[in-house]
Amino acid sequence: MLDPMKPTLAHLHDALLGFVGTLATILGAVASWQEHLEWGLRITSLIVGIAVGAATIWSLTKRVK
């Protein structure tokens, strides 16, 4: 007699289908928001670049004095 608590190939198949379904949903959400994510990353990198430039200028002017 089969033990219902013992993992079988059917349980593995169900778990794999659940994983694939969840992954497909996440990928669909990321694909639909891709343009917004790219825009956000560009703005963030611009802000970081400006901050690094300002810190570099501040460091160079502080050294001269």
Side-chain angles (χ1 to χ4, degrees):
M1 185 165 198
L2 291 174
D3 182 10
M5 297 302 289
K6 186 175 181 181
T8 62
L9 191 58
H11 291 117
L12 179 63
H13 183 261
D14 289 343
L16 183 63
L17 284 179
F19 177 73
V20 169
T22 303
L23 186 62
T25 304
I26 291 170
L27 287 175
V30 169
S32 69
W33 286 92
Q34 183 177 3
E35 184 179 344
H36 299 288
L37 291 173
E38 181 183 353
W39 182 83
L41 288 173
R42 285 184 182 202
I43 296 298
T44 303
S45 68
L46 176 65
I47 291 170
V48 169
I50 290 171
V52 168
T56 302
I57 290 171
W58 182 75
S59 174
L60 289 173
T61 57
K62 187 139 179 138
R63 255 189 230 165
V64 172
K65 292 181 181 180

*When you measure from the side chain of S59 to the backbone N and O of A55, does any donor-acceptor pair fall under 3.5 Å?*
no

Rounding to 0.5 Å, atoms OG1 (T22) and CG (L27) come to a distance of 11.0 Å

ask   = Would the number of heavy atoms belonging to other residues, nucleotides or ligands and lying under 6.0 Å from NE2 of H13 be above 12?
value = no

Is W39 reachable from I47 through a run of I, L, V, M, F, W or Y residues, each pair having side-chain heavy atoms under 4.5 Å apart? yes

- Task: Kindly indicate whether the side chain of L16, heavy atoms from C-beta on, has any atom under 4.5 Å from the side chain of L12.
- Result: no

